[in-house]
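First up is the structure itself, then whatever we jot down about it.
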Amino acid sequence: MHGPVEPFKIKVVEPVKIPSEKRRQEAIREAGFNTFLLLSEDVFIDLLTDSGTSAMSDNQWAGMMLGDEAYAGSKNFYNLEKAVQDVLGYKYMVPTHQGRGAEHLMSKNLIKPGQLVPRNMYFTTSKLHVELPGGTMPDIIIDEAHDPENTHPFKGNIDLNKLQKLIDEYGAEKIAYINVEMDVNMAGGQPVSMENLRKVYEFANKEHKLKVIFDATRSSENAYFIKDREKGYEDIPIIDILREMMSYSDGCIYSAKKDCLVNIGGFLATHDKEIFEKTRSEVVVYEGLHTYGGMAGRDMEAVARGLREGTQYEYLKYRINQTRYLGELLIKENIPVVKPIGGHAVFLNALKFLPHLPREQWPAQTLSAAIYEDSGVRSMERGAVSKGRDKITGENIFPKLELVRLTIPRRVYTNTHMEYTAESIIRLYERKDTIPGLKMVHEPKYLRFFQSRFEQVNL
Ligand code: P71
C-alpha cells in the first residue's frame, strides 16, 4: 500500500547525496558527535528540525516578488496583520525576526524577578527567556506526557490540579502568566484539547485574573488533532477551530518557521491593548521598526500567505499522516517511540533503545550520532543535554524523557525518504548493544546542546 498522498506536485528540486561511510565517520567526529555541528553538505536526509526548513508554495514565492521593502509602513506588514486577524483572531500583531524575538519581548514585559510562568512542559528558548528576566518555569503538563508509552489523545493538556497547587503554595500574584504551548514539542508533538484550553482560560482569567499566553507555534497542527480527535469538532473548519483556540488566551508568541511554511519569521499577537503598546514600543530596540520587526517585506508576505495556506485541511492531513507513516514503520518493528505519534516529528525513546548506557553517557546524544553515522540521516537530541543544568545547584538534570527527534520538514521529503530513514533505525536497533556511549568534553554556558562536544567512551 502507498504512504500518505501528497496534495501537491514538485516544481523545483534540490539535489542531495549520501556521503560515503568513511566521510560519515569522519564528519560526526569532526562535529564532536553533535548533529548541530555537522555541515549541511554532509547530511543526506535532514530531520534535525521542522523549523525554517519547509518548502514554500508557488503562491508564497510569487508573494516574495511583491516584497515592499520600505523602511516604514510596508504593504506586506498590513497583509500579515490581516492574516493574523483572519486566521488567529487577534487584533494586534508585533512582527519579530523569529519566535524567540517574540518570546523576548513578551517575557521582558510581563515577568518580574521571582515570578513563576507555569507551562505545559518547557521548551529550550522559552524557558531561557523566562529565566533571563528572573522568572522560573514550573511544569504543569499532565503526568501522562512524561510516559512515552501512554497513548492519551491530548498528552499536551495542562493539569489544573498542578496549577491550583502552585496558586495555593505561592499565591496568584506570584504568577506572571500561564503559558500554554500548542502541539507540545518536547512531549513529542502532543496536542492540547479545546476543552482543556477553555478550562485553563476560565480558571486563570475568571477565577484568578491571571493572563494566559500561548506559544501558538504549532497551533495549526494542534487544530488538526482537535478536528481529528475531539468530539464536536469533526465538521468544523480548521480556521474556526484556530480562532476558538486563540479566544482562550490574552495573547501569543509565534514562530512562523513551522506551520507558516516559511524559512524565517515570527510575531507576537494579542487581544490586549496594553501588551500590544508595551511590546510595540520595545520591538524597535531589539528587532526593528514595528512594521517589519527584523523581517524583510518579502518575508512578511511569505508568512502572511503561509499562515493561511497552512490551515488547508488536505495539506494538514497529508502532513500529519506523513509523520505517522514514519512512526508506524518503526512501531511495526517494535522500535521504542513516543506514542501516540505527534504532529511534527517521531521521537525515539533512547532509554529503551540503548538500555546499556547510563544517563551520564547521554543515550539520546549517542543515538542521534549513531543514526547519522549509519545512514546520513540527521536527527536532534531532546533529552538531558537539551534540558541543561539546575539553575540553583548547577547539577545536570535528567528528565524522564530522553529522546531523539526525527523532525519532518513540511512538503520537503518523500515517503521513500521516510522508508530509508526507518530502515536505518531498524538496522541500528538490531546491533544496538555495540553502540558506545559519549562523554561531554565541551559545554557552553547558554543552550549548551547547540555547541557542546563529545567523545566516545569505551564499551
Ligand atoms: C525546533 C525549534 C528551533 C530550535 C530552537 C531551539 C533549539 C533547537 C531548535 C523553536 C521554537 C518552538 C517552540 C514551541 C518557540 C520556538 C522558538 N523550535 N517555541 O523545534 O518549537 O522559535 O526558533 O523561531 O526562535 O527545532 P524560533
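Since the model is a prediction, treat every value here as computed from it, not as a measurement. Numbering of ligands and ligand atoms starts at 1, following listing order.
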Which of parallel (below 30°), tilted (30 to 60°) and perpendicular (above 60°) describes [X] and [Y]?
{"X": "Y315", "Y": "Y318", "answer": "tilted"}
{"X": "Y90", "Y": "H271", "answer": "tilted"}
{"X": "W362", "Y": "F454", "answer": "perpendicular"}

Around E274, counting heavy atoms of other residues, nucleotides and ligands shown, do more than 12 lie under 6.0 Å from its CD? no

Row check, F449 ring normal vs R382 NZ/CZ: under 6.0 Å, within 45°: yes

Once side-chain hydrogen bond (donor to acceptor under 3.5 Å, both in side chains) is applied, do any residues pair with D143, and if so which ones, sequence neighbours excluded? K162

Give the residues near ligand 1 by chain and number, with the criterion being a heavy-atom distance under 4.0 Å. F36, T49, S51, Q98, G99, R100, E103, F123, T124, T125, E181, N185, D215, T217, R218, S255, K257, K258, M380, R405, F449, F450

